[in-house]
Number of protein chains: 2
Amino acid sequence: MRLIMARCEVAYTGRLSTFLPMGVRLLMIKADGSVQIHSDGGGSKVKPQNWMTPPTVIDIEGDPPHRIEVRKRKGSERLEITIDEVLADVSHDADVESALEKDGVERDLQELLAARPAQCGEGFRLVRREWPTDIGPVDLMCREPGDGWVAVEIKRLGTIEAVEQLARYLERIRLDPATADCRGVLAAQVIKPQARVLAQSRGIACVEVSLEELRGSREPDLQLFSA
Amino acid sequence: MRLIMARCEVAYTGRLSTFLPMGVRLLMIKADGSVQIHSDGGGSKVKPQNWMTPPTVIDIEGDPPHRIEVRKRKGSERLEITIDEVLADVSHDADVESALEKDGVERDLQELLAARPAQCGEGFRLVRREWPTDIGPVDLMCREPGDGWVAVEIKRLGTIEAVEQLARYLERIRLDPATADCRGVLAAQVIKPQARVLAQSRGIACVEVSLEELRGSREPDLQLFSA
DNA sequence: ATATACATCTCGAGA
DNA sequence: TCTCGAGGTGTATAT
């Protein structure tokens with residue numbers, strides 16, 4: 001990783017055109033060929049003001065560098081950095097291996113709910129995860145106590161988009177006479193008020209579920225024995 | 001801006017939980033209180049492996065630092081950095097003023113199409129930009145040669161979501177008898193194949209528009225005189 | 001402060 | 001290679 005603190009101006013042309021006037025910024029060039037330009041807050045906070053994702057071709061002219069050109073290996077994007085003054089220029093070997101371990105993403109929620117389908121609705125029994133439709137898989141397909149079908153869409157955050165997505169699935173599922181009666185349930189850790197309203201008008205039920213409670217709860221089968 | 005190259009491990013708890021095992025990484029602490037941790041490619045390229053957006057409270061323990069704790073000023077997010085070895089630690093004053101000038105974002109596209117509505121469809125005349133509905137404004141409302149209404153949704157990239165959004169607007173617009181016959185047109189620089197298919201089934205027309213051609217074309221009025 | 005929509009979104013999985 | 005969907009999305013704007 002090469003870090004250059006420099007007074008520079010930056011022009012990007014590609015998906016759109018941008019220009020960043022002369023000023024002091026950090027140029028970060030990673031081993032994978034990605035490049036990013038950071039100011040000290042101001043406009044951008046965590047996002048770089050300019051960047052290019054790999055694969056790239058990087059052309060550094062001069063030592064100390066006075067011009068850096070970054071091009072995408074495929075496509076016509078170009079980042080042109082004109083350097084007035086280099087204040088610092090260091091290289092370090094940083095870690096490239098260890099992966100970030102995540103816990104609590106949508107996948108985890110889906111696994112927990114697949115093991116405890118009754119948390120999505122009274123008496124729900126899981127028929128299958130990732131139930132296929134011709135526009136993609138529904139997260140959970142269950143049956144209610146009366147044997148009616150229920151499609152469950154799982155999200156961390158329940159939005160209007162999630163409701164629309166489930167509505168699209170339901171359209172397809174109901175085309176099959178075998179599942180023509182299928183209901184829809186949106187299960188999420190948090191459900192936005194507007195999503196709730198739209199779900200209501202689309203006849204879709206909403207359930208908020210807590211990761212902690214799911215983790216704490218025993219499996220339904222075990223609860224039977226412990227009761 | 002403070003840049004620390006360090007062998008460290010990072011634990012984040014908040015919206016979810018993550019853990020990053022010991023390894024050499026760049027810690028970037030900006031003047032605005034934002035913090036980001038970059039590896040040298042690998043998993044993340046342009047995105048930091050961990051980060052926190054301002055406003056934050058940053059607690060740096062030791063000199064050289066052996067532990068850094070970052071907390072959100074509001075909420076319960078926490079980033080805990082345990083440092084084994086500091087390889088470099090420098091501070092610089094980077095630019096915080098100058099704004100990035102952009103050209104070619106959706107706003108620009110909307111302005112150009114508002115001035116040249118016929119690019120969205122033969123003989124379209126603009127009635128108004130940002131036509132209000134009770135769920136948000138439609139980008140352009142036009143009339144066709146036969147005086148029928150057309151709602152135009154403008155995107156840089158035409159996706160399924162864009163089609164659904166326009167479909168929601170059309171639902172509302174058609175509730176008003178005055179505009180019950182309203183058609184829909186999705187105008188974008190690029191339209192995804194799946195979006196095209198969904199648009200077809202929703203009775204929504206698709207138009208791909210080029211920023212360059214829009215810029216190059218004269219206004220319809222001027223073309224009349226030049227012809 | 002909250003809600004909404006854009007983004008050079010980025011990034012990974014799957015076909 | 002392309003397409004689709006998730007993201008600790010981030011970020012700005014309007015309410």
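The chains referred to below are lettered A, B, ... by the order of the sequence lines, with proteins before strands, and numbering in each begins at 1.
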What does the list of N/O pairs under 3.5 Å between the protein and nucleotides 11-15 of chain C look like, with a distance for each?
{"from": "C/dC11", "atom 1": "OP1", "to": "B/Lys45", "atom 2": "N", "distance (Å)": "2.9"}
{"from": "C/dC11", "atom 1": "OP1", "to": "B/Val46", "atom 2": "N", "distance (Å)": "2.7"}
{"from": "C/dC11", "atom 1": "OP1", "to": "B/Lys47", "atom 2": "N", "distance (Å)": "3.0"}
{"from": "C/dG12", "atom 1": "OP1", "to": "B/Gly43", "atom 2": "O", "distance (Å)": "2.8"}

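Using a 4.5 Å heavy-atom cutoff, the side chains of A/Leu16 and B/Val105 are in contact. Using a 4.5 Å heavy-atom cutoff, the side chains of A/Ile160 and B/Arg168 are in contact. Between A/Ile4 and A/Ile68 there is a side-chain heavy-atom pair separated by less than 4.5 Å.
Residue pairs satisfying the salt bridge (charged side-chain N to carboxylate O under 4.0 Å, His left out) criterion with at least one member in residues 186-205 of chain B, sequence neighbours excluded, are listed as follows: A/Glu171-B/Arg202, B/Glu164-B/Arg202, B/Arg196-B/Glu208. Here salt bridge (charged side-chain N to carboxylate O under 4.0 Å, His left out) pairs that include residues 16-31 of chain A, with residues two or more places apart or in two chains, number zero.
When each of B/Ala195 and A/Lys74 is assigned the nucleotide of DNA chain D with its nearest heavy atom, A/Lys74 is the one assigned upstream, toward the 5' end. Nearest-nucleotide positions on DNA chain D place A/Tyr169 closer to the 5' end than the other of A/Tyr169 and B/Trp51. Nearest-nucleotide assignment on DNA chain C puts the 5′-proximal partner with A/Lys192, out of A/Lys192 and A/Asn50.
Atom pair B/Asp139:CG and C/dA5:C1' shows a separation of 11 Å (rounding to whole Å applied). Rounded to whole angstrom, the span from the CD atom of B/Glu101 across to the C1' atom of C/dT8 amounts to 16 Å. With rounding to whole Å, B/Gln189 atom CD is found 13 Å from C/dA7 atom C1'. For A/Ile154 and D/dG7, the CD1 to P distance is 12 Å, given to the nearest whole Å. Rounded to an integer number of Å, the gap from CD of A/Glu161 to C1' of C/dA7 is 15 Å. B/Gln165 has its CD atom 12 Å from the P atom of C/dA7, to the nearest Å. Taking atom CD of A/Glu153 as the reference point, atom C1' of D/dG5 lies 10 Å away to the nearest angstrom. Note: NZ (B/Lys155) to C1' (C/dC6) measures 8 Å, nearest angstrom.
Less than 4.0 Å separates DNA chain C from no heavy atom of any residue of residues 10-39 of chain B. Residues from residues 105-114 of chain A with heavy atoms under 4.0 angstrom of DNA chain D, sorted by number: A/Val105, A/Glu106.
Listed candidates were D/dT3, D/dG8, C/dT10. Nearest to the side chain of B/Pro193 is D/dT3. Of all nucleotides listed (D/dG8, C/dA5, C/dT8), C/dT8 comes nearest to the side chain of B/Lys102.
Interatomic distance, CG of A/Leu214 versus CG of A/Asp108, reported as 11.0 Å (0.5 Å rounding). The CD atom of A/Gln49 sits 9.0 Å away from atom OG1 of A/Thr18, with the distance rounded to the nearest 0.5 Å.
Scanning for side-chain hydrogen bond (donor to acceptor under 3.5 Å, both in side chains) contacts around B/Glu69 gives B/Arg67, B/Arg71, with sequence neighbours left out. Shown here are the side-chain hydrogen bond (donor to acceptor under 3.5 Å, both in side chains) partners of B/Asp40, two or more places apart in sequence or in another chain: there are none. Under the side-chain hydrogen bond (donor to acceptor under 3.5 Å, both in side chains) criterion, B/Asp103 pairs with B/Arg215, not counting sequence neighbours. For the side-chain hydrogen bond (donor to acceptor under 3.5 Å, both in side chains) test, no residue two or more places apart in sequence or in another chain qualifies with B/Glu106. Under the side chain to side chain contact (heavy atoms under 4.5 Å, CB included) criterion, B/Ser210 pairs with B/Glu212, B/Glu213, sequence neighbours left out. Under the ring-ring contact (aromatic ring centres under 6.0 Å, His included) criterion, B/Trp149 pairs with B/Trp131, not counting sequence neighbours.
Comparing the P positions of D/dT11 and C/dC11 gives a spacing of 15 Å, expressed to the nearest Å. Comparing the P positions of C/dA5 and D/dG8 gives a spacing of 22 Å, expressed to the nearest Å.
Counting only N and O atoms by type, the side chains of B/Tyr12 and B/Glu77 include a donor and acceptor under 3.5 Å apart.
Heavy atoms from other residues, nucleotides or ligands lying under 6.0 Å from CD of B/Glu130 number more than 12.
Using a 4.0 Å heavy-atom criterion, one finds that A/Met52 contacts no nucleic acid atom at all.
In DNA chain C, stems built from 3 or more consecutive Watson-Crick or G-U wobble pairs, each with both distances under 3.5 Å, span C:1-7 with D:9-15, C:9-15 with D:1-7.
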